[in-house]
Visitor: 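The structure follows.
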Amino acid sequence: MVIYQNISLKPYNTFGIDVQANQFVTVTSIEELQVLCTAFNLAERKKLVFGGGSNLLLTQDFDGMAVKIDLKGMDKIKEDDDFVWVKAMSGEVWHDLVMYAVNHNWGGLENLSLIPGCVGAAPMQNIGAYGAEIKDTFEELYAVEIESGKLVKFTNEECKFGYRESIFKNEVKDKYIIVSVTFKLHKKAQTNIQYGAIKETLQQKGIAEPSIKAVSDAVIEIRKSKLPDPKVLGNAGSFFKNPEIEASQYEKLKVQFPNIPGYPLQNNLVKVPAGWLIEQCGFKGKRIGNTGSHKDQALVLVNYGGATGSEIYALAMQIQQSVQNTFGITINPEVNLI
Ligand code: EPU
């Protein structure tokens with residue numbers, strides 16, 4: 001394990017922001033990580049732990065230790081007549097795991113095709129797309145406790161998953177590093193195609209009873225058609241979370257804005273697509289300097305090349321303020337601001 005000094009983080013974040021980290025280390029085994037935690041006293045250091053760097057906005061040089069988790073491997077560890085349990089190490093690319101499952105015809109991850117990032121980051125924010133979230137197939141994970149270096153298991157219930165939320169963003173934030181995740185996947189095809197865009201894409205292709213592969217292909221097609229590829233145009237996916245507002249506030253807004261979309265939730269709440277709010281405020285496709293809101297999906301902020309993190313942050317704050325002024329709704333970032 002080598003600790004490097006003054007390393008650019010540009011290749012390690014999908015926004016492509018060029019800031020430097022004082023120290024940089026790549027971890028390739030659980031044992032190495034445990035040594036870093038104990039002998040190098042990671043708990044006491046300022047640290048930035050990351051995998052794919054696809055949900056980060058780096059706004060300044062990082063005067064601490066950047067730790068890239070590069071643990072590899074994925075395998076079937078158990079099966080019965082109906083299910084198969086697949087364990088993946090946290091440094092595996094998320095989409096590679098999805099393809100591994102799809103190619104074996106194991107169901108449950110196909111709606112989450114092509115989400116950027118690594119396996120270890122997926123449970124942190126309970127990644128989701130097209131009517132599925134990882135909590136639906138998540139069995140358990142192992143994480144190293146930074147303070148002690150001990151390996152600890154978390155069950156689905158213990159992770160306290162919510163919309164883009166888990167215990168790792170709340171009660172135990174910065175206390176653990178996820179090293180592996182196990183998923184329980186269906187052996188008998190059981191697809192989830194209720195989400196509008198998937199239904200439409202499959203209908204256009206004339207597929208009535210889609211295979212797992214067909215659903216994955218549809219999701220890949222939809223994502224490619226409206227979400228920019230970070231390798232071509234720097235971005236971190238959705239920049240903001242979709243806000244949840246009181247049903248009464250939603251009804252009032254509906255009078256003023258009859259087209260406002262909303263999805264009813266429990267507890268008298270309604271989820272409103274932030275992309276719609278941002279588009280109404282005139283930001284969709286608008287470029288400001290080296291940054292802007294994407295032309296096909298207003299919720300995605302992009303780096304046209306050479307943008308600084310503070311430039312993107314300034315645009316995000318401008319958008320947040322504009323949505324607040326127009327609709328009285330606060331939209332909060334989904335990405336981690338560093
Ligand atoms: N919309 C607009 N204008 C836009 C974008 C969206 O009006 O520019 C409205 C439309 O009414 C559309 C609705 O928003 O019907 C929903 O849009 P979309 O299906 O693209 O989903 P989203 O709510 O904007 C969420 C996730 C995405 C995920 C998609 C698909 C969040 C914060 N984002 O976006 O996740 O891919 O659903 O399921 O929940 C990510 O987290 O990085 C991400 C891309």
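Just so we're clear, the structure is a prediction, and the values are computed from it rather than from any experiment. The residues of the chain are indexed from 1 along the displayed sequence. Whatever order the structure lists them in is the order used to number ligands and atoms, beginning at 1.
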Visitor: What do you reckon, does Glu334 have a nitrogen or oxygen under 3.5 Å from a nitrogen or oxygen of ligand 1?
Guide: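 Yes: some nitrogen or oxygen of Glu334 is under 3.5 Å from one in ligand 1.
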Visitor: To which protein heavy atom is atom 30 (C) of ligand 1 closest, and what is the distance rounded to 0.1 Å?
Guide: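 It is Tyr130 CE2, 3.4 Å.
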Visitor: Which heavy atom of the protein is the closest neighbour of atom 12 (C) of ligand 1, given with residue, atom name and distance?
Guide: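 Nearest protein contact, heavy atoms only, for atom 12 (C) of ligand 1 is Tyr263 OH, 4.5 Å.
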Visitor: Write out the residue and atom name of the closest protein heavy atom to atom 26 (C) of ligand 1, then the distance separating them to 0.1 Å.
Guide: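 Going by distance alone, atom 26 (C) of ligand 1 is nearest to Arg164 NH2, 3.4 Å.
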Visitor: Report, in ascending order of atom number, the atoms of ligand 1 lying under 4.0 Å from any heavy atom of Pro261.
Guide: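 Counting from 1, the qualifying ligand atoms are 11 (O).
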Visitor: Tell me, which protein residue and heavy-atom name are nearest atom 28 (C) of ligand 1, and how many Å apart are they?
Guide: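 Answer for atom 28 (C) of ligand 1: Ala129 CB, 4.0 Å.
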Visitor: How far is atom 1 (N) of ligand 1 from its nearest protein heavy atom, and which residue and atom name does that atom have?
Guide: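 Here the closest protein heavy atom is Trp276 N, 3.6 Å.
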Visitor: Go through ligand 1 atom by atom and flag the ones less than 4.0 Å from a non-hydrogen atom of Ala298.
Guide: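 So the atoms of ligand 1 that pass are 4 (C), 8 (O).
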Visitor: Is there a donor-acceptor contact under 3.5 Å linking the side chains of Ser8 and Asp18?
Guide: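 The criterion, which ignores hydrogens and geometry beyond distance, is satisfied for Asp18 and Ser8.
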Visitor: Can you find an N/O atom of Lys241 closer than 3.5 Å to an N/O atom of ligand 1?
Guide: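 No, since none of the N or O atoms of Lys241 sits under 3.5 Å from an N or O of ligand 1.
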Visitor: Check each atom of ligand 1 against the heavy atoms of Phe240 and keep those under 4.0 Å away; list them by number with element.
Guide: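 In order of number, 32 (C).
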Visitor: On a heavy-atom basis, I'd like to know which of Ser238, Ser293, Gly285 is closest to atom 43 (C) of ligand 1.
Guide: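 Closest candidate by heavy-atom distance is Ser238.
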Visitor: Does Lys187 come within less than 4.0 Å of Asp81, counting only side-chain N to carboxylate O?
Guide: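 Looking at Asp81 together with Lys187, the answer is no, because their closest N to O distance does not fall below 4.0 Å.
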Visitor: In the protein, which heavy atom is nearest to atom 14 (O) of ligand 1, and how far is it?
Guide: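 Ranked first by proximity to atom 14 (O) of ligand 1 is Pro273 CB, 3.0 Å.
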Visitor: Suppose I only count heavy atoms of Gly237 and a 4.0 Å limit; which atoms of ligand 1 are within that range?
Guide: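 Numbered from 1, ligand 1 contributes 42 (O).
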Visitor: Suppose I only count heavy atoms of Glu279 and a 4.0 Å limit; which atoms of ligand 1 are within that range?
Guide: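 Result: 2 (C), 3 (N), 4 (C), 7 (O), 8 (O).
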Visitor: Between Glu279 and Lys284, is there a side-chain N and carboxylate O pair less than 4.0 Å apart?
Guide: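 A salt bridge is present here (some side-chain N lies under 4.0 Å from a carboxylate O).
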Visitor: List every atom of ligand 1 that sits less than 4.0 Å from any heavy atom of Lys226, numbering the atoms from 1 in the order shown and giving each element.
Guide: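 Answer, ordered by atom number: 18 (P), 19 (O), 20 (O).
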Visitor: Charged N to carboxylate O below 4.0 Å: is that the case for Glu246 and Lys252?
Guide: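 Looking at Lys252 together with Glu246, the answer is no, because their closest N to O distance does not fall below 4.0 Å.
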Visitor: In the protein, which heavy atom is nearest to atom 36 (O) of ligand 1, and how far is it?
Guide: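 I find the closest protein heavy atom is Arg223 NH1, 3.3 Å.
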Visitor: Is the distance from the ring center of Trp94 to that of Phe183 below 6.0 Å?
Guide: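 Under 6.0 Å, so yes.
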